[in-house]
J.: 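Let me give you the structure first, and then I'll get to my questions.
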Amino acid sequence: MGKSSYKRLSGSQNLRQRLVLATLSATPVLIEDIRTDDTWPGLRRHEVSFLRLLEKICDDCAVEINETGTKLKFKPGIVMGGRNLVHDCGLTRSIGYFLEPLIVLGLFAKKPISIKLKGITNDSKDPSVDTFRSTTFPMLKRFGVPSEGLELKIENRGSPPLGGGEVFLAIPVVQSLTAVKWTDEGMFKRIRGVTFSTRVSSQFENTMVFAARGIFNSVLPDVHIFTDHRAGVHAGNSPGYGISLVAETTSGCYLSADTAISYTHEEETAGLEDEKKELMPPDEVGVQIASVLLGEIEQGGVVDSTHQGLLFLLCALCPPDVSKVRVGKLSPYGIETLRHIKDFLGVQFVITADPTTGTVMLKCIGCGLKNLSRKVS
């Protein structure tokens, strides 16, 4: 075998995305200067955990990290998938951080993936597991992903800092995705949502629901927010509460917003003499997240700002046919995704602003990625 030529990159930003694109395009990467100027240089725990997850689902995948963790050599292998896998996501980032890349890679695996992920199910940094179920899955179906075999079950909830959550994820395999022309946002017809609470009173959820409905009922009659109060072993190891809302349009678009409130690591382990930081009261949480969702609706587009990166990636992986999508204001994550897609897949998007609606139209011709490792029935 000849020596692999590595694509050289630097910095720690968007590491997840770089590794996913490297795996899909079979490009070995060498990433240098990972947080070299930080007090704690090198890869973080959740990034190492993500590399371990890639090793679990891929065959012949080679990872080399130097002693300080500031340099990473990654040679991708074949995504094998597999059943009854288990992965501990750790406590520094939530399960949502691992779900997005895992779903994309799982679609192009040799066998369908079924995996149990342990850790934090809801936090304020990453999309919650509820959002993946209510918003991400309907989006995947637009690209020709079958609903049979696509499943996300929340077995236990887990809030920061001690986690204790468990989710079961099943992803089917596809031969290839289908190109989309998805520009009709439609009108908003209903709001759905779910609140959760672990190791706190269930009254917290009723307060959040009441506060969120107070905002939505003046603009829309069809608002249903369900409650999911967990106790005992199903509530994980830390107290917390939160809400995930999704707005559905007449043309079948889903826009979501979510948050979770809990203590962080430092506050949990602070000395008893220090007062614990006041958490945001549940009525304010309900009002805040309802306002965030209305802000997403106002921006327009067929997906919300957190799903832009995934939407662009799926468009780029489609067969060599034109995909056309409409989004609101481009998010920083979406812009970084477009740059990485151009670097790894050679797919360039044509971006045109639509001044009448304040939205942005993106067109691209997919790279035509086919799942060659899938068994032909």
J.: Please confirm whether the backbone N or O of D283 pairs with a side-chain atom of T207, one donor and one acceptor, at under 3.5 Å?
T.: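 Side chain of T207 to backbone of D283, a donor-acceptor pair under 3.5 Å: no, none is there.
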
J.: Consider only side-chain N and O atoms of H307 and T136, and report whether a donor and an acceptor are under 3.5 Å apart.
T.: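 There is such a pair between these side chains.
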
J.: Distance-only, no hydrogens or angles: does the K181 side chain make a donor-acceptor pair with backbone N or O of V322 under 3.5 Å?
T.: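 Yes, K181 side chain to V322 backbone: donor-acceptor pair under 3.5 Å.
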
J.: Taking the side chain as everything from C-beta on, heavy atoms only, tell me whether L314 gets closer than 4.5 Å to L140.
T.: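 Contact flag for L314/L140 side chains = yes.
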
J.: Membership question, hydrophobic clusters at under 4.5 Å side-chain separation (ILVMFWY): are Y333 and L15 in the same one?
T.: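 Not linked; separate clusters.
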
J.: Could K73 and E32 be called an ion pair, given the rule that one side-chain N must be under 4.0 Å from one carboxylate O?
T.: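 No, this pair does not count.
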
J.: Would a 4.5 Å heavy-atom cut-off, applied to side chains only, mark L85 and I57 as touching?
T.: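 Yes, at least one pair of side-chain atoms sits under 4.5 Å.
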
J.: Could you check whether any side-chain N or O of N66 sits under 3.5 Å from a backbone N or O of G69, counting only pairs where one atom can act as donor and the other as acceptor?
T.: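 Pair found, side chain donor or acceptor close to backbone of G69.
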
J.: Keeping E248 on the side-chain end and I191 on the backbone end, is there a donor-acceptor pair under 3.5 Å?
T.: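 Judged by distance alone, no pair lies under 3.5 Å.
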
J.: Between E155 and K116, does any NZ, NE, NH1 or NH2 come within less than 4.0 Å of an OD or OE carboxylate oxygen?
T.: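 Salt bridge: yes.
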
J.: For residues L369 and L54: do they belong to one hydrophobic cluster (side chain heavy atoms under 4.5 Å, members Ile, Leu, Val, Met, Phe, Trp, Tyr)?
T.: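 Yes, same cluster.
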
J.: Where do S291 and I215 come nearest, in terms of heavy atoms and distance?
T.: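 For S291 versus I215, the nearest heavy atoms are OG-CD1, 4.0 Å.
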
J.: Between the main-chain N or O of D126 and the side-chain N or O of D123, is there a donor-acceptor pair closer than 3.5 Å?
T.: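 Yes.
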
J.: Assess whether side chain to side chain donor-acceptor pair (under 3.5 Å) is satisfied between T337 and Q308, documenting all intermediate values.
T.: CA-CA 9 Å; T337 307; Q308 282 182 16; over 6 Å; no

J.: Report whether L169 and M80 are members of the same hydrophobic cluster (ILVMFWY, side-chain heavy atoms less than 4.5 Å apart, transitive linking).
T.: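 No: no chain of side-chain contacts under 4.5 Å links L169 to M80.
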
J.: Are L105 and F74 in one and the same hydrophobic cluster, where Ile, Leu, Val, Met, Phe, Trp and Tyr link if side-chain heavy atoms are under 4.5 Å apart?
T.: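 Yes, because L105 and F74 connect within a single hydrophobic cluster, where side-chain heavy atoms sit under 4.5 Å apart.
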
J.: For K189, is the NZ atom crowded, meaning more than 12 foreign heavy atoms sit under 6.0 Å from it?
T.: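 Counting other residues, nucleotides and ligands, NZ of K189 exceeds 12 neighbours.
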
J.: I want to check something: taking the side chain as every heavy atom from C-beta on, are Y254 and D304 in contact at a cut-off of under 4.5 Å?
T.: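 The answer is no; the side chains never approach within 4.5 Å.
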
J.: Under the side chain to side chain contact (heavy atoms under 4.5 Å, CB included) test against L362, which residue among T183, I351, L311 passes?
T.: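 Output: one option passes, namely I351.
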
J.: Check the surroundings of atom CD1 in I78: do more than 12 heavy atoms from other residues, nucleotides or ligands lie under 6.0 Å from it?
T.: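 No.
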
J.: Between S159 and T198, do the side chains contain a donor N or O and an acceptor N or O under 3.5 Å apart?
T.: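 Result is yes, a qualifying pair exists.
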
J.: Please name the pair of heavy atoms, one in G368 and one in P320, separated by the smallest distance, quoted to 0.1 Å.
T.: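 It is CA-CD, 3.7 Å.
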
J.: What orientation do F344 and H340 show, parallel under 30°, tilted 30 to 60°, or perpendicular over 60°?
T.: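 Tilted, since the angle between the ring planes falls between 30° and 60°.
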
J.: Counting N and O atoms only, with roles assigned by atom type, does the side chain of T121 sit under 3.5 Å from a partner on the main chain of G158, one being a donor and the other an acceptor?
T.: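 At least one qualifying donor-acceptor pair exists.
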
J.: Are the side chains of F204 and I261 in contact, using a 4.5 Å heavy-atom criterion?
T.: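 The answer is no; the side chains never approach within 4.5 Å.
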
J.: How about CZ on F210, more than 12 heavy atoms from neighbouring residues, nucleotides or ligands closer than 6.0 Å, or not?
T.: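 No.
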
J.: Given side chains that start at C-beta, do those of S114 and N84 come closer than 4.5 Å, heavy atoms only?
T.: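 In contact.
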
J.: Run the numbers on R192 and D222 for salt bridge (charged side-chain N to carboxylate O under 4.0 Å, His left out), then give the verdict.
T.: CA-CA 8 Å; R192 292 289 179 268; D222 191 356; 3.1 Å; yes

J.: Please list all pairs meeting salt bridge (charged side-chain N to carboxylate O under 4.0 Å, His left out) that have one or both residues in residues 194-213, counting only residues at least two apart or in different chains.
T.: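 Sorted pair list comes back empty.
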
J.: Could you check whether any side-chain N or O of N156 sits under 3.5 Å from a backbone N or O of A235, counting only pairs where one atom can act as donor and the other as acceptor?
T.: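 No, N156 side chain to A235 backbone: no donor-acceptor pair under 3.5 Å.
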
J.: Output yes when R44 and D38 qualify as a salt bridge under the 4.0 Å nitrogen-oxygen rule, no when they do not.
T.: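 Counted as a salt bridge, because a side-chain N and a carboxylate O are separated by less than 4.0 Å.
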
J.: Got a sec, which residues hit side chain to side chain contact (heavy atoms under 4.5 Å, CB included) with S134, two or more places apart in sequence or on another chain?
T.: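 With neighbours one apart ignored, the set is V246.
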
J.: Under 3.5 Å, is there a donor on one side chain and an acceptor on the other for H229 and S201?
T.: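 No - no donor-acceptor pair under 3.5 Å links their side chains.
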
J.: Where do E296 and S305 land on the side chain to side chain donor-acceptor pair (under 3.5 Å) test, with the steps shown first?
T.: CA-CA 7 Å; E296 291 284 0; S305 49; 2.7 Å; yes

J.: Is there a donor-acceptor contact under 3.5 Å linking the side chains of T36 and D33?
T.: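 No pair is found: no donor N or O on one side chain lies under 3.5 Å from an acceptor on the other.
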
J.: Going by atom types alone, do H87 and K118 pair a side-chain donor with an acceptor below 3.5 Å?
T.: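 Looking only at side-chain atoms, K118 and H87 do not form any donor-acceptor pair under 3.5 Å.
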
J.: Are C315 and W182 packed together at the side-chain level, in the sense that at least one heavy-atom pair is separated by less than 4.5 angstrom?
T.: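 A side-chain contact is absent here, since even the closest heavy-atom pair is not under 4.5 Å.
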
J.: Hey, are R230 and D228 close enough for a salt bridge, meaning a charged N less than 4.0 Å from a carboxylate O?
T.: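 Yes, this pair counts.
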
J.: Hey, does the side chain of S238 reach the backbone of L162 with a donor-acceptor pair shorter than 3.5 angstrom?
T.: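 Checking the backbone N and O of L162 against the side chain of S238, a donor-acceptor pair under 3.5 Å is found.
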
J.: One pair to check against side-chain contact (heavy atoms from CB on, under 4.5 Å): V194 and T227. What are the steps and the verdict?
T.: CA-CA 6 Å; V194 62; T227 56; over 6 Å; no

J.: Check R326 with D184, please: is the shortest side-chain N to carboxylate O separation under 4.0 Å?
T.: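 R326 and D184: not salt-bridged.
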
J.: Are there more than 12 heavy atoms of other residues, nucleotides or ligands under 6.0 Å from atom NZ of K141?
T.: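 Correct, the count exceeds 12.
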
J.: Checking one residue: L30. Which other hydrophobic residues are in its cluster under the side-chain 4.5 Å linking rule?
T.: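 Y6, listed by chain and number.
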
J.: Has the side chain of T249 got a donor or acceptor atom that lies under 3.5 Å from a matching backbone atom of E185?
T.: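 Yes, because the side chain of T249 sits within donor-acceptor range (under 3.5 Å) of the backbone of E185.
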
J.: With a 3.5 Å distance limit and no angle check, can you tell me whether D258 reaches the backbone of T131 through a side-chain donor-acceptor pair?
T.: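 No; zero donor-acceptor contacts below 3.5 Å.
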
J.: Does F137 have its ring centroid less than 6.0 Å away from the ring centroid of F132?
T.: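 Centroid separation for F137 and F132: 6.0 Å or greater.
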
J.: Can you find a pair of side-chain heavy atoms, one from T352 and one from V360, that are under 4.5 Å apart?
T.: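 With C-beta onward as the side chain, the pair stays apart.
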
J.: More than 12 heavy atoms of other residues, nucleotides or ligands under 6.0 Å from NZ of K324: is that the case?
T.: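 Check fails, neighbour count at 12 or below.
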
J.: Please test E47 against R35 for salt bridge (charged side-chain N to carboxylate O under 4.0 Å, His left out), starting from the C-alpha separation and ending with a verdict.
T.: CA-CA 13 Å; E47 292 166 341; R35 301 189 183 90; 2.9 Å; yes

J.: Should L150 and I95 be counted in the same cluster of Ile, Leu, Val, Met, Phe, Trp and Tyr side chains packed under 4.5 Å apart?
T.: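 Linked, L150 and I95 end up in one cluster.
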
J.: Would you say that more than 12 heavy atoms from the other residues, nucleotides or ligands in this model lie under 6.0 Å from the NZ of K71, or not?
T.: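 Count not over threshold, so no.
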
J.: So, do I115 and L102 sit near enough that their side-chain heavy atoms are less than 4.5 Å apart?
T.: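 I115 vs L102: side chains touch.
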
J.: Dump the intermediate steps for ring-ring contact (aromatic ring centres under 6.0 Å, His included) on Y97 and H46, then the final yes or no.
T.: CA-CA 9 Å; Y97 174 85; H46 56 269; 5.1 Å; yes

